[in-house]
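One structure is given here, and the rest of the page talks about it.
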Protein chains: 2
Amino acid sequence: MNETTRERILIAAAETFAETGFAGARIDEIAEKAGVNKAMLYYHVGSKEDLYTAVLTETFDRGLSSIRASVESAGTPAAKLQAILNTFAHFGSENPVFIPIVMREIASGGKHLPDEMVLRMASVFRLVGDTLRSGMEAGAFRRTDPLLTHVSLTGAMMFLIASHPVRQRVARIAGVDAGAHTPAELAAHVGNLFLHGLTITPAKAKKVKS
Amino acid sequence: MNETTRERILIAAAETFAETGFAGARIDEIAEKAGVNKAMLYYHVGSKEDLYTAVLTETFDRGLSSIRASVESAGTPAAKLQAILNTFAHFGSENPVFIPIVMREIASGGKHLPDEMVLRMASVFRLVGDTLRSGMEAGAFRRTDPLLTHVSLTGAMMFLIASHPVRQRVARIAGVDAGAHTPAELAAHVGNLFLHGLTITPAKAKKVKS
DNA sequence: GTCTATATACCGATAGAC
DNA sequence: GTCTATCGGTATATAGAC
């Protein structure tokens, strides 16, 4: 089993699927990008669907272990949450495949989402959910529905990262700046927003003025 | 000009584009769903791209005017923001085409997004951005990047609405409740989250305990 | 394992009769 | 305005030589 060839194919496939989606992806393009013959692609991986599933699960697994590691490296619930956001933003930016694919799957109601993938998504939620719940029980976080908050967090994060090209076009028309686009800056924005909210409370207002 | 035929085609196209995306959509399927001949589709609307653009802009325009109306009906910046979220959630739920299409466009970096659509997106941002800026200037909102906050808001909202089927599967695996799914409940969750954040401040903690 | 050549099917778009 | 028939191009997938 030539693992290097297979990996080259998976990387090329990931890029193409991210750019055009499953239906828009062309096997010829993936093969050319991977530097292999089209027949070799079928020999090493299989059909287009097999290729898609392989890309999905392998990418998700790498992201999952990254997030797992980052959670354990932080102390307080707030720090854990920020660590998750940082890792998520970094992973999503460095693996441009991941976010577009998830967004497309959500857009189709997860119709093509195999159980193995839902299982992995549940693992991520458990990580974030536990962080949220422990923060609530410790009196650090307000009580909100963990699953809905989790989806809100990841939704905001994914949109921020993936929207960069569109954001630039919108910004030019609206006559404003396109805003930050580095993973660190985007994660900081989401963390700031979700931890403290928009409203200026008396305590915060005092803090700002001091 | 038979407006009814054209509208039937646009409705069918909207459904198909939402389900499968631009590349995945089949003209034959759209024509059959609309109950018209394929040649008629080309006669009334034009090419596949023309069809896509028409669906996009007409749907977006209806949503834009809904949001415009809701903004004007509210007083304070916070109330305006909540009104936007409510309208957005309602429109997105009642037009199941809208959110999937936008999500797919963002996922592809807006490659198929015509300038007319970016223009409309900029209009929505101007509405939300002005609300945010006026809140900041009035001392009601903390200072954040308006465009990034706008994207975070819409991203969270869209993910919450569109993720419902996937959320149910994740919830079952994680052994938790799938959470709310009515537009009003989802809008309330996002509004609560973005206005007040997760962190319990001294002032809020006092409020909760009283 | 690797490549060429090709089968097979599908899809977007149109010509042309009525 | 409406339909049938079909063109031309392209896509996935494979057969078969080496």
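Numbers restart at 1 for each chain; the letters A, B, ... are given by sequence-line order, proteins then strands.
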_In whole Å, I'd like the distance from the CG atom of L41(B) to the C1' atom of dC3(D)._
14 Å
*asked:* Once rounded to the nearest 0.5 Å, what's the spacing between atom CG of D61(B) and atom CE of M117(B)?
replied: 9.0 Å
*Is it true that E58(A) and R6(A) make a salt bridge, defined as a side-chain N closer than 4.0 Å to a carboxylate O?*
yes
*asked:* A side-chain contact here means heavy atoms from C-beta on lying under 4.5 Å apart; do E185(B) and L148(A) qualify?
replied: no
*asked:* Tell me which pairs pass ring-ring contact (aromatic ring centres under 6.0 Å, His included) where either residue lies in residues 52-80 of chain B, with sequence neighbours left out.
replied: F17(B)-Y52(B), F22(B)-Y52(B), F60(B)-F98(B)
_Nearest whole Å is fine: how far is dT10(D) P from E29(A) CD?_
14 Å
_Could you tell me how far apart Y43(A) (OH) and dG1(C) (C1') are, to the nearest whole angstrom?_
5 Å
*Rounded off to whole Å, could you give me the CD-to-P distance for the E32(A) and dA11(D) pair?*
12 Å
*Exercise: identify the closest heavy-atom pair between L160(A) and R167(A)*: O-NH1, 2.6 Å
*At their closest point, which heavy atom of R133(B) faces which heavy atom of P146(B), and how far apart are they?*
NH1-CG, 3.6 Å
*Which letter, B, S or -, goes with each nucleotide of nucleotides 4-18 of chain C from 5' to 3', with contact meaning a protein heavy atom under 4.0 Å?*
B------SBBB----
*Rounding to a whole Å, what distance do you find between H44(A):NE2 and dA13(D):C1'?*
16 Å
